[in-house]
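Working notes for the structure below.
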2 protein chains.
Amino acid sequence: MHSPDVVATKYKEQGRRLTPQRKLLFNLMHNNESHPTAEGLFEEASKRMPGISLRTVYQTLEELSEMGEIQLMHCDGGAVRFDPNVDEHHHAVCAETGELFDVYVDNIDSLRAQLPAGFEVQNVSIVFHGRVAKSAPRTARSARITTKSPARQQTVRAKSAKRTPRRTSRGSNT
Amino acid sequence: MHSPDVVATKYKEQGRRLTPQRKLLFNLMHNNESHPTAEGLFEEASKRMPGISLRTVYQTLEELSEMGEIQLMHCDGGAVRFDPNVDEHHHAVCAETGELFDVYVDNIDSLRAQLPAGFEVQNVSIVFHGRVAKSAPRTARSARITTKSPARQQTVRAKSAKRTPRRTSRGSNT
DNA sequence: TGCTTATTTGCAAATAGTGCGAACTACATA
DNA sequence: TATGTAGTTCGCACTATTTGCAAATAAGCA
Ligand SMILES: [Mn+2]
Ligand SMILES: [Mn+2]
Ligand SMILES: [Zn+2]
Ligand SMILES: [Zn+2]
């Protein structure tokens, strides 16, 4: 999402008005990496502007989405989460806290997928489900996954292990 | 999901009773590749057993899920879709029809992702958003993406591509 | 056949939004 | 600065999904 000022300008250019509610929401969403829900954003906004309506929050989020300033995410079936980061990126969800983190994947094109015949892929979304290691921060072997900070990358090591080969109906087998 | 008979046996072993409703639902879910919603399954079930309750459908789906016989999917924020395929697989969603297709990806481990520090990945889910090519079914060049049937695989070519619908690369295989 | 208890069902309630219109106000204009 | 008007806000009803609850029903065993 662009800076509040830039968004404000875009709003005016489109004949939209700059209301205190909108300005506040622009500020709350800008650089917001928490992927808040409408309700969560509403609570934050209410602190600064008691009386603001949840309806207005939904409304403004919808506008920002239509303007391409934010993205919507349906991750776990709960409330939609709004993301001011519209760059191509993916997410990691902590099963414990529900926190959402941005994840950049640079070689999606290398995936070998058996897509249905005639299916034209427009966009791929990847969600890494897991959890943030509570303690054991320096156990040496806990750093298998990647430390985001040093811009270091690492091959994913998901559950892909050897889950009991559930050979039921589906495949050609019986 | 195991065959209706096997599931029935598991039910008895757990002290659960075999009711006509459950038997019907086992049959409707077995080998069902449509990833139905509770409501959709309820409609199907109602044809065969008028009067069955939507509540019972939800109930039974929950049981099957707890028993590991089916999987739940929250894909677009709408109703949950139930999947009797519990093998490790992913999905392709047609933006037009909402249809869900199973997609097998065999090299997830090769993804280079910048995960947050200390994040332990337990499972990765990939969703290919796109659409099934309407017409042009046999135009020879329409097979760019992969024909699921011949167990042929293809490198994903998501939106990252630059729309060059002329690449007749599908001949690479036998 | 009867009993006991699991199951089914109808209905209320919870979630997460959306549709609508009356009241309100940003802001261009005089 | 006052005024007009169309864009906004906001409350509220209403939809869509799903879950909670308890009375009515019915498997499965003695
Ligand atoms: Mn849902
Ligand atoms: Mn939702
Ligand atoms: Zn994000
Ligand atoms: Zn599936």
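Everything numeric here is computed off the predicted structure, so don't read it as measured data. Residue numbering restarts at 1 for every chain, and letters A, B, ... go by the order of the sequence lines.
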Q: Rounded off to whole Å, could you give me the NZ-to-C1' distance for the K12(A) and dA28(C) pair?
A: 11 Å

(Q) Once salt bridge (Lys or Arg N to Asp or Glu O under 4.0 Å) is applied, what residue pairs with a partner in residues 41-61 of chain A remain, sequence neighbours excluded? (A) E44(A)-K47(A)

Q. Hey, what else clusters with V127(A) if you join Ile, Leu, Val, Met, Phe, Trp, Tyr whenever side-chain heavy atoms sit under 4.5 Å?
A. M73(A), V93(A), L100(A)

**Q.** Contacts of type side chain to side chain contact (heavy atoms under 4.5 Å, CB included), residue Y11(B), not counting sequence neighbours
**A.** V7(B), R16(B), L18(B), R22(B), F26(B), T60(B), E63(B), L64(B), M67(B)

**Q.** Spacing of OG belonging to S110(A) relative to CG belonging to L111(B), to within rounding of 0.5 Å
**A.** 6.5 Å

Q | Listed once per pair and sorted, the ring pair (Phe, Tyr, Trp, His ring centres under 6.0 Å) pairs that draw on residues 34-56 of chain A, sequence neighbours left out | A | H35(A)-H91(A)

Q) Would you say D102(B) and D83(B) make side-chain contact, with heavy atoms under 4.5 Å? A) yes

Q) Are N32(B) and S34(B) close enough that a side-chain donor and a side-chain acceptor fall under 3.5 Å? A) yes

Q. Separation of H74(A) atom NE2 from dT15(C) atom C1', in whole Å?
A. 15 Å

Q. In the 5'-to-3' direction, what one-character label does each nucleotide of nucleotides 3-9 of chain C receive under the scheme B = base within less than 4.0 Å of a protein heavy atom, S = sugar-phosphate only, - = no such atom?
A. --BBSBB

Q) In whole angstrom, what separates Y58(A)'s OH from dC20(C)'s C1'? A) 17 Å

Q: Give the rounded distance in Å between these two atoms: CZ of R81(B) and P of dT17(D).
A: 12 Å

Q: Specify the residues of residues 36-45 of chain A, ordered by number, for which at least one heavy atom lies under 4.0 angstrom from an atom of DNA chain C.
A: none

Q) Can you tell me how far the OG1 atom of T56(A) sits from the CD atom of Q21(A), to the nearest 0.5 Å? A) 6.0 Å

